[in-house]
Amino acid sequence: MKNWVAVLISILFIPFDAYGQEWDTLLLLDGRTGYTTNTYLNPVLSEWNRINDTGYGTITPMGNIFVSEGQLSADLTAGGAYSQYTDDRDAWSTFFLLLNANYRITDRWGFGVESGGSSYSTQFDRSIYWIQPVLSYSPSLFTRVYLKAGPSFRKLNLEDTAEDPGYEQFNNYSIEFETWPTFKWLLKAGIFGELDNPAESLGARISSDFNISRNWNLNLRTGLERYRYQIITDGGGGGGGFPPVGGPGNEEITEDEADILFRGSAGVKYQINSTFEVSANADYLNYYSTVAEESVSDIHASIGFRVTLFNSNRHTRGASVELSQNGSQTILLNLKYSGDGQLYILGDFNDWEKPGIPLSKQRNRRFLAQLSQDAGAYEYKILLIEDGEEKWLELSENTYTVSDGFGGENGLIFID
């Protein structure tokens, strides 16, 4: 697996003009150090081990390629991680691969596939692979619903086991929802479980990301997982034991039991510049078993950094925006766009309220708007409304842009 992951990472810098009209390439280096009482809270390993409280350090190089052509798009992420603990447990390493492909059937409906795999090496070796068809629906520009279902395969090799255990198969599903209540606030929620026993293993999660400012981002997460199963006990000869009173001898009694996990986390990120970002995160986990009537809690706290080693940000299509200052605090926005529909500009200057300020259509495929604001820097987007449908207009490569915090870009206006 190490060889084919290395090959996939190596092709991140191959020009993809032959494969898609639009493509982006990204190469990142993540580093994180922290303290945990259960490695299940480690976002990369996620394997239950609460033997010792320990500190750790992790380094994660990874790359991403995004390719699109018409209604078809694909997203590939590959990388590896190495982690060292401060106690006497072995270090571990991992390689992972994620692939998403999507076909936009209409402006509202899409169909695609999510697939991936990972291989871990520590006191044991663990391999996981999965594939899920995905159906998506967008009732509006700011809301999307996903329905996912498919198999995953897991193999665990222990050090003292010579026999190949083979792969276990799990058939999973999830229903996910995401929306932007305001432009700077992203809210996600979902339920998930096993297709074979939907009522016996059920989980729910909710998360919120809020861009406090251009540089600061706050994220909150919470979730509940319930794993239900049955145990069969022998009633014995009456009297003591289970059940606590009487009962005929040798009676088998079936009881429903469940393990319940509650998780919560909070994190903050600060983007120093377009290359460097720092973050801090804290996690809490509570485990309750109805069998043992036991409740235990675990914590995880960490700080980290992210370095963008390479970002192509290459676009072959988009609207070209020209800005000129006319007067002390007035900006003229001149936009060249060859499509149809009505264009609007919205951003910090109108609290991101839709639809925004309309652009007036001029000759030679040009649109014009005038903004009078106090001195400062303002982020903006261009909204296209055509036949009742809304979409963000992509900005051309010669337009000054910054990250919007959600995988897209905002234009930037400076007023002296």
Side-chain angles (χ1 to χ4, degrees), residues 24-36 40-46 55-64 66 75 77-83 94 96 98 100 142 144 176 178-190 205-223 263-285 299-313 347-348 351-352 376-381 392 400-412:
D24 288 299
T25 304
L26 187 65
L27 187 61
L28 304 170
L29 178 66
D30 281 9
R32 185 158 294 275
T33 184
Y35 167 86
T36 184
Y40 186 72
L41 288 170
N42 188 302
V44 180
L45 183 59
S46 297
Y56 73 93
T58 301
I59 193 77
T60 307
M62 57 182 166
N64 174 268
F66 175 81
D75 191 356
T77 301
Y82 176 82
S83 187
T94 178
F96 58 87
L98 306 170
N100 300 322
F142 297 93
R144 185 166 295 179
E176 302 174 7
E178 65 178 38
T179 187
W180 286 261
T182 67
F183 182 77
K184 294 195 172 186
W185 179 23
L186 172 62
L187 182 65
K188 293 183 178 182
R205 54 179 171 243
I206 185 169
S207 66
S208 178
D209 286 82
F210 186 73
N211 278 346
I212 302 171
S213 67
R214 185 179 303 110
N215 302 98
W216 287 96
N217 175 272
L218 174 68
N219 60 80
L220 302 172
R221 306 231 186 317
T222 186
R263 300 183 64 167
S265 70
V268 62
K269 294 186 292 186
Y270 179 72
Q271 187 169 348
I272 298 174
N273 51 44
S274 60
T275 301
F276 197 75
E277 173 186 292
V278 293
S279 62
N281 198 79
D283 301 271
Y284 171 78
L285 171 69
I299 60 171
H300 168 245
S302 65
I303 56 174
F305 68 87
R306 168 170 288 186
V307 180
T308 301
L309 302 176
F310 178 80
N311 187 356
S312 68
N313 273 331
D348 294 330
D351 294 328
W352 297 98
Y378 299 88
E379 294 185 32
Y380 70 91
K381 279 186 181 291
W392 296 125
Y400 190 76
T401 61
V402 294
S403 170
D404 63 7
F406 301 110
E409 294 177 334
N410 291 342
L412 196 60

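The minimum heavy-atom distance between Met62 and Asp30, with the atom names listed, is CE-OD2, 3.5 Å. Here the shortest heavy-atom pairing between Ala81 and Thr60 reads CB-OG1, 3.6 Å.
Leu285 CG to Ile299 CD1: the interatomic distance, rounded to the nearest 0.5 Å, is 11.0 Å. If you take NZ on Lys381 and CG on Asn410, they are separated by 4.5 Å, rounding to the nearest 0.5 Å. If you take OG1 on Thr25 and CG on Asn64, they are separated by 8.0 Å, rounding to the nearest 0.5 Å. If you take CD1 on Ile212 and OH on Tyr270, they are separated by 12.0 Å, rounding to the nearest 0.5 Å.
For the pair Ile272/Phe305, no side-chain contact is recorded, criterion being any heavy-atom separation below 4.5 Å from C-beta on. You'll find the side chain of Leu218 stays beyond 4.5 Å of the side chain of Trp216, heavy atoms only. Leu98 is not listed as a side-chain neighbour of Asp75, based on a closest heavy-atom distance of 4.5 Å or more. Counting heavy atoms from C-beta on, the side chains of His300 and Tyr40 never come closer than 4.5 Å. Contact annotation: the side chain of Asn281 approaches that of Asn219 to within less than 4.5 Å [non-hydrogen atoms, C-beta and beyond].
Crowding of Ile303 atom CD1: a count of heavy atoms from other residues, nucleotides or ligands under 6.0 Å not exceeding 12.
With hydrogens and angles ignored, the 3.5 Å screen pairs a side-chain donor or acceptor of Asp348 with a backbone N or O of Glu379. Side-chain atoms of Ser207 do not come within 3.5 Å of backbone N or O of Leu220 as any donor-acceptor pair. Within the 3.5 Å criterion, the main-chain N or O of Gly80 finds no donor-acceptor partner in the side chain of Thr94.
In this model, a donor atom of one side chain and an acceptor atom of the other lie less than 3.5 Å apart for Ser279 and Arg32.
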Next on the checklist: Go through it in stages, so that I can follow the logic: the residues are Arg205 and Glu176, the test is salt bridge (Lys or Arg N to Asp or Glu O under 4.0 Å), and I'd like the CA-CA distance, side-chain angles, deciding distance and then a yes or no.
Outcome noted: CA-CA 9 Å; Arg205 54 179 171 243; Glu176 302 174 7; 3.5 Å; yes
Next on the checklist: Before you tell me yes or no, could you show the steps for Leu41 and Arg263 under side chain to side chain contact (heavy atoms under 4.5 Å, CB included), namely the whole-Å CA-CA distance, both residues' side-chain angles and the distance that decides it to 0.1 Å?
Outcome noted: CA-CA 9 Å; Leu41 288 170; Arg263 300 183 64 167; 3.7 Å; yes
Next on the checklist: Test side chain to side chain contact (heavy atoms under 4.5 Å, CB included) on Thr77 and Asn100; report intermediate values, then the result.
Outcome noted: CA-CA 9 Å; Thr77 301; Asn100 300 322; over 6 Å; no
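When each of Lys188, Lys269, Arg221 is checked for a salt bridge (charged side-chain N to carboxylate O under 4.0 Å, His left out) with Asp209, only Arg221 meets the rule.
With sequence neighbours excluded, the residues forming a side-chain contact (heavy atoms from CB on, under 4.5 Å) with Thr179 are Thr143, Phe177, Pro181, Leu187, listed by chain and number.
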